[in-house]
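As structure tokens, the structure follows; a few thoughts come after it.
Along the sequence shown, residues are numbered consecutively beginning with 1.
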Amino acid sequence: MDSNTAHNPVFLVFPPDINVPDLQSADLTATTYDTSGPFPKLLATKMKILGAMQILFGVMNFSFGVVFLFTLENPYPRFPFIFVSGYPFWSSVLFINSGAFLVALERKTTEILVKLSRIMNSLSALAAIAGIILLTFGLILDQHFFCGYAETISQCQAIATLFTGILIMLMAFSIIELFISLSFSVMRRPFYCCD
């Protein structure tokens with residue numbers, strides 16, 4: 001093929017003939033691979049989804065902590081209790097780590113990874129329990145905090161609504177995280193293959 005035929009528009013529309021070997025006479029063989037890992041497919045899918053949810057809850061907890069940091073300013077002389085306890089920040093680290101270990105465990109199963117995943121999920125369950133207690137205490141302690149220092153009623157209502165909404169979302173995330181973490185820290189039967 002010379003350089004003129006390579007740039008010919010007819011060549012682009014009608015490519016040269018391609019010879020295909022006769023498939024009827026060819027001997028075709030198929031190789032099958034065992035795709036069943038140590039976990040059943042349904043459990044592996046659940047581990048991946050619940051691990052991703054744990055990571056998402058950790059990111060959301062951290063995000064709400066950052067919202068607390070940037071929304072609380074004068075006339076409020078102090079931060080609310082839940083922010084002072086640091087719960088949105090240290091819980092997010094534990095939730096993200098336990099979710100990452102679950103996702104990694106679904107991909108590659110080793111004895112050390114199984115033990116680390118159990119430990120991280122146990123720590124996340126403890127953090128979720130502590131968070132539920134801290135959030136309840138924070139709701140009780142700070143329920144009249146904003147209105148006592150606000151100059152106007154509208155300012156009090158807007159910030160109290162934001163504060164209460166964030167605390168309720170943190171409480172919901174902590175309860176769901178508690179159930180996810182407990183299910184993987186207590187569950188032993190699917191991990192028999194790796195012990």
Side-chain angles (χ1 to χ4, degrees), residues 43-107 113-187:
L43 179 64
T45 304
K46 284 183 182 180
M47 286 172 59
K48 187 186 292 186
I49 291 170
L50 293 176
M53 284 177 63
Q54 284 182 314
I55 293 170
L56 180 68
F57 288 153
V59 170
M60 292 299 290
N61 276 3
F62 183 80
S63 299
F64 283 137
V66 171
V67 168
F68 273 139
L69 183 65
F70 288 112
T71 58
L72 298 173
E73 47 187 79
N74 288 335
Y76 315 108
R78 68 175 176 88
F79 286 110
F81 172 75
I82 197 64
F83 185 80
V84 173
S85 70
Y87 173 72
F89 302 109
W90 57 262
S91 67
S92 64
V93 171
L94 289 173
F95 295 165
I96 290 171
N97 281 335
S98 62
F101 276 113
L102 269 184
V103 172
L105 184 64
E106 186 271 333
R107 291 183 181 201
L113 202 53
V114 169
K115 289 179 182 178
L116 285 175
S117 179
R118 280 189 191 149
I119 290 169
M120 285 308 299
N121 276 300
S122 298
L123 289 175
S124 285
L126 290 174
I129 291 170
I132 292 169
I133 293 169
L134 289 172
L135 287 164
T136 305
F137 189 66
L139 276 170
I140 293 169
L141 183 67
D142 291 332
Q143 80 188 67
H144 299 295
F145 171 71
F146 290 109
C147 293
Y149 297 108
E151 296 172 1
T152 64
I153 295 296
S154 64
Q155 185 180 14
C156 170
Q157 289 174 344
I159 295 182
T161 303
L162 175 70
F163 178 69
T164 306
I166 289 175
L167 288 182
I168 289 171
M169 290 301 295
L170 285 173
M171 181 74 79
F173 292 158
S174 296
I175 291 170
I176 296 170
E177 178 66 30
L178 174 65
F179 289 132
I180 294 172
S181 296
L182 276 180
S183 67
F184 285 106
S185 63
V186 174
M187 184 172 60

Rounded to the nearest 0.5 Å, what's the gap from CD1 on I129 to CD1 on I175? Could you check?
11.5 Å
For a 4.5 angstrom cut-off between non-hydrogen side-chain atoms, does F95 reach L56?
no
Verify the distance criterion only: is there a donor paired with an acceptor across the side chains of Q54 and S124 at less than 3.5 Å?
no
Could you check whether atom CZ of F179 has more than 12 heavy atoms from other residues, nucleotides or ligands sitting under 6.0 Å from it?
no
Donor-acceptor pair, side chain of S117 and main chain of L113, under 3.5 angstrom:
no
Got a donor-acceptor contact below 3.5 angstrom from the S181 side chain to the L178 backbone?
no
Point-to-point distance, once rounded to the nearest 0.5 Å, from OG of S85 to CD1 of I133
12.0 Å
So F57 and F173, ring-ring contact (aromatic ring centres under 6.0 Å, His included) or not? Walk me through it.
CA-CA 6 Å; F57 288 153; F173 292 158; 4.9 Å; yes
Within the structure provided, determine whether R118 and F101 are in side-chain contact (heavy-atom separation under 4.5 Å).
no
Could you grab the distance from atom CD1 of I82 to atom CD1 of I166, nearest 0.5 Å is fine?
11.5 Å
Please report the closest heavy-atom contact between S174 and L135, naming both atoms and the distance.
OG-CD1, 3.9 Å
I'd like to know if the side chain of W90 and the backbone of A127 have a donor-acceptor N/O pair within less than 3.5 Å.
no
How far does CG of N121 sit from CG of N97, to the nearest 0.5 angstrom?
10.5 Å
Residue pair M120 / L123, side-chain heavy-atom distance below 4.5 Å:
yes
Kindly indicate whether the side chain of S92, heavy atoms from C-beta on, has any atom under 4.5 Å from the side chain of M60.
no
If I take atom CG from residue L182 and atom CD from residue E177, how far apart are they, to the nearest 0.5 angstrom?
9.5 Å
Do I132 and M171 touch side chain to side chain, with heavy atoms closer than 4.5 Å?
yes
Interatomic distance, CG@L134 vs CG@L167, rounded to 0.5 Å, equals 11.0 Å
So L105 and M47, side-chain contact (heavy atoms from CB on, under 4.5 Å) or not? Walk me through it.
CA-CA 8 Å; L105 184 64; M47 286 172 59; 3.5 Å; yes
